[in-house]
Amino acid sequence: MLSDHELKEIEAEASKYGSRAAVCIDALKIVQRFRGWVDDDMVRAVAQHLGMSPDELDSVATFYNLIFRRPAGRHVILVCDSVSCWIMGYGSVRDYLRSRLGIALGETTADGRFTLLPSACLGACDRAPVMMVDEQLYTNLDAESIDDLLASYT
Amino acid sequence: MEIPLTANIGPSKTPPDLKSYEARGGYTALRRGLSEMTPEEVRLAVKDSGLRGRGGAGFPTGDKWSFVPMEDGAPRPKYLVVNADEMEPGTFKDRLLLEGDPHQLIEGTVLSAYAIQAEITYIFLRWEYRLAALRLEHAIAEAYRAGYLGPDILGSGFGLELYLHVSAGRYICGEETGLLNALEGRRANPRSKPPYPQSVGVWGRPTVVNNVETICNIPHIVSHGAEWFRGLSLTGEGGSKLYGVSGRVNRPGCWELPLGTTLGEIVEEHAGGMQHGYRLRGLLPGGASTDFLTSEHFEVPMDFGSVEKAGSRLGTGTIIILDDSVCPVGMVLNLERFFARESCGWCTPCWGGLQLVTATLESIEAGEGRPGDLELLEEHCRLLGPGYTYCALAPGAMEPLQSALKYFRGDFERHINEKQCPWH
Ligand SMILES: Cc1cc2nc3c(=O)[nH]c(=O)nc-3n(C[C@H](O)[C@H](O)[C@H](O)COP(=O)(O)O)c2cc1C
Ligand code: SF4
Ligand code: FES
């Protein structure tokens, strides 16, 4: 069941578009913001609310990499693996994150604190290597700065 | 040297709010355009300015607008969409304009919409640009309150609704027809063309898609005229350009310079040349989907025509430097992995071909390359080239590969002959 908050936000977004179904991507993001990810029940609930079939909505949900159809940790790390970051040391950033968190790319730590995901270019290539944690961008990364910033997320 | 696009932007400057934007002359172009110019006159000024799209393909903006039906019976509403998806690897120029001067983008958007008589506008923004989203939301609200947006703008009778759409990922959303599908709440597969969006676009209505930097030029063209705009550049193509450099240079960054500034000046002077101990081997002049050039091309003016003559494309104008500490095969593998992952999967040459290309590069990089691999890669550069796919992702993906096979052939051959990567 969609909560009142979710319904209200979805309807506010829906007024922007030329068709009712067009709000579905915003709706999935809203649900995800409240719940961390989008489970099967929520796909059904959003689809029903927008007059779509659940399969149709799921085909959209699974297309976009920032809509999570599996549980995610409390904080999501998007580490840029594109070309400028690769040149400037993405490999060691990735290896360091993997060993510090004890997980592979695409996994979530056992305590549910972090999910580690590779990302396409984050548009900060002049400050490579970079990553985002939740909504915050971190640039010119090295092992020490990664330690410091991870510590601020609980 | 005039820098109209970034006059309000700098490391020590905060992005202007409405008041300070107005104090610096902001929204006078809009006042002037709406009160003194007809839509046709705005279109003509943009056409005469020679402005070419800054999103990568370089299509003349005035020509693009000229395909929008303008007769009274034209389908309505008409739409203008600002492409702020910026996901081309190595590209970070639109971020500067979005974060640094959101009102400039809004002013350009209203003027562009006026020119084609669009009544609805979307700014299509990638999710990761959080700061840009905040600043845009704030600026849009300010512009509505001041009457620069909404019904009957400044009493001109022209009205425009502007919405911010925040995306949910995937590079292919930046392709203009994929973007329209994303706006409609579908998978962002590109559309088969024709029909082109100017006649059948979002929700089947006439739609123009323009890049952020393209739109930011419009107020300045309206204020100062086409001739002034053409005079900003060093070559026949009009305007200034945001150029960027990333990689092992002394001062990676982004600068507004006259269009046609030479490649060498950008790399050596503005980016400060290579860092001590690193040698330049090659570079991509305009993002991931452009052909490699080398220091032999330092004299080439960075405009659309000249870079094309040199065998590449200006693309987004953001240069990626390959230095001698990293393996060229590894760099191309990184690029092709990106394109393979981001393929929308519609065309067989694209999704199938990019997987095979990636697998072949992986085996070469791992020292397991075989005789014939380079010919196989070359064959794919043709098979995935222009004309076989619904969009330019696959042909774009082949540009760094085909030029790497030319400039770094010896490196590819060493991998195969020595059965290992010389950089490992
Ligand atoms: C795969 C792909 C991705 C693209 N991504 C972007 C993008 O992120 N931003 C952009 O402005 N143009 C992008 N483009 C180009 C657009 O299709 C379109 O040409 C451009 O937005 C038009 O604006 P302009 O004429 O002002 O340059 C992309 C093209 C392709 C094929
Ligand atoms: S070329 Fe690739 S990305 Fe473009 S439509 Fe075809 S499959 Fe999709
Ligand atoms: S390549 Fe990493 S931010 Fe652009």
Side-chain angles (χ1 to χ4, degrees), chain A residues 13-29 32 38 46 50 52 56-68 78 80-91 117-132 134-137 139-140, chain B residues 77 79 86-95 120 122 126-131 161 163-171 173 182-189 202-203 205 244-248 251-254 284 288 318 320-323 325-326 330-331 334-335 337-338 341-342 344 400:
Chain A
E13 289 292 321
S15 63
K16 289 180 179 178
Y17 299 103
S19 72
R20 182 122 183 100
V23 77
C24 72
I25 295 169
D26 295 283
L28 291 164
K29 284 195 307 183
Q32 180 167 300
V38 182
V46 172
L50 298 177
M52 302 168 77
E56 189 186 358
L57 182 63
D58 203 23
S59 81
V60 175
T62 51
F63 187 89
Y64 296 93
N65 59 295
L66 295 175
I67 291 169
F68 306 145
L78 297 176
C80 174
D81 67 0
S82 284
V83 63
S84 307
C85 289
W86 181 83
I87 290 170
M88 298 302 287
Y90 158 72
L117 298 175
S119 167
C121 174
L122 290 168
C125 328
D126 53 340
R127 295 170 279 167
V130 309
M131 67 186 204
M132 287 179 80
D134 301 335
E135 308 212 348
Q136 183 64 45
L137 177 72
T139 60
N140 298 310
Chain B
Y79 293 92
E86 190 156 75
M87 285 184 74
E88 178 78 3
T91 303
F92 49 94
K93 65 180 185 73
D94 295 336
R95 181 197 278 273
I120 300 179
Y122 294 96
R126 66 179 298 185
W127 178 86
E128 294 89 337
Y129 281 7
R130 303 311 303 153
L131 185 60
E161 296 298 331
Y163 302 113
L164 180 64
H165 173 91
V166 178
S167 180
R170 292 303 290 274
Y171 170 63
C173 289
L183 261 185
E184 290 185 14
R186 305 170 195 273
R187 294 166 77 96
N189 298 100
V202 71
W203 294 293
R205 299 302 199 290
V245 179
S246 64
R248 296 216 179 266
R251 285 191 303 274
C254 186
L284 302 174
T318 40
I320 306 160
I321 305 273
L322 165 67
D323 66 77
S325 75
V326 293
M331 174 168 167
N334 174 276
L335 293 166
R337 266 192 188 136
F338 167 83
R341 180 175 76 194
E342 297 298 332
C344 83

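Quick note on labels: first sequence line is chain A, next is B, and so on, each numbered from 1.
Your options are B:Tyr163, B:Tyr79, B:Tyr129, and the one with the most heavy-atom pairs under 4.5 Å with chain A is B:Tyr163. Among the candidates B:Cys254, B:Ala182, B:Ser325, the residue making the largest number of heavy-atom pairs closer than 4.5 Å to chain A is B:Ala182. Looking only at heavy-atom pairs under 4.5 Å with chain A, the residue among B:Gly169, B:Gly247, B:Pro77 that has the most is B:Gly169. Per-residue heavy-atom pair counts under 4.5 Å with chain A were compared for B:Ser246, B:Ala168, B:Pro252, and the maximum is reached by B:Ala168. Of the listed residues (A:Ala21, A:Ser84, A:Ala27), the greatest number of heavy-atom pairs within a distance under 4.5 Å of chain B belongs to A:Ser84. Contact count versus chain A (heavy atoms, under 4.5 Å) is highest, among B:Thr318, B:Leu183, B:Leu284, for B:Leu183. The candidate with the highest count of non-hydrogen atom pairs below 4.5 Å against chain A, out of B:Glu88, B:Arg126, B:Arg186, is B:Arg126.
The nearest pair of heavy atoms linking B:Arg170 to A:Asn65 is N-OD1, 2.9 Å. Residues A:Thr62 and B:Arg187 share a closest heavy-atom pair of OG1-NH1, 3.9 Å. The minimum heavy-atom distance linking B:Phe92 with A:Gly123 is given by the pair CB-O, 3.2 Å. For A:Ala120 against B:Glu342, the heavy-atom pair with the smallest separation is CB-OE2, 4.2 Å. Of all heavy-atom pairs spanning B:Cys173 and A:Tyr64, the tightest one is SG-CE2, 3.7 Å.
For A:Met132, the part sitting under 4.5 Å from any heavy atom of chain B is the side chain, from C-beta outward, and nothing else. Proximity to chain B (any heavy atom under 4.5 Å) is shown, for A:Ala128, by neither the backbone nor the side chain. B:Leu131 does not touch chain A: none of its heavy atoms, backbone or side chain, sits under 4.5 Å away. For A:Leu78, the part lying under 4.5 angstrom from a heavy atom of chain B is the side chain only. Neither the backbone nor the side chain of B:Val202 has a heavy atom closer than 4.5 Å to any heavy atom of chain A. The contact between B:Phe338 and chain A is made entirely by side chain atoms (from C-beta outward), counting heavy-atom distances below 4.5 Å. Residue contact with chain A, scored on non-hydrogen atoms closer than 4.5 Å, is absent for B:Asp94.
Aromatic ring orientation, B:Tyr122 versus A:Tyr17: parallel (interplanar angle below 30°, classes split at 30° and 60°).
We find the CG-CH2 distance between B:Leu335 and A:Trp86 to be 8.5 Å, quoted to the nearest 0.5 Å. In this structure, CZ in B:Arg337 is found 12.0 Å from OG in A:Ser82, a value given to the nearest 0.5 Å. Atoms CG and CZ, on A:Asp126 and B:Arg251 in that order, are 13.0 Å from each other to the nearest 0.5 Å. To the nearest 0.5 Å, atom SG of residue A:Cys121 and atom CD1 of residue B:Ile320 are 8.0 Å apart. Taking CG of B:Asn334 as the start and CD1 of A:Ile87 as the end, the distance is 8.0 Å to the nearest 0.5 Å. Here NZ of A:Lys16 is found 12.5 Å from CD1 of B:Ile120. Values are rounded to the nearest 0.5 Å.
Judged purely by atom type and a 3.5 angstrom limit, A:Lys29 has no side-chain atom pairing as donor or acceptor with the backbone of B:Trp127.
Between B:Arg130 and A:Leu137, the closest side-chain pair of non-hydrogen atoms is not below 4.5 Å.
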Determine, stepwise, if the pair A:Asp81 / B:Arg341 fulfils salt bridge (Lys or Arg N to Asp or Glu O under 4.0 Å).
CA-CA 12 Å; A:Asp81 67 0; B:Arg341 180 175 76 194; 2.9 Å; yes

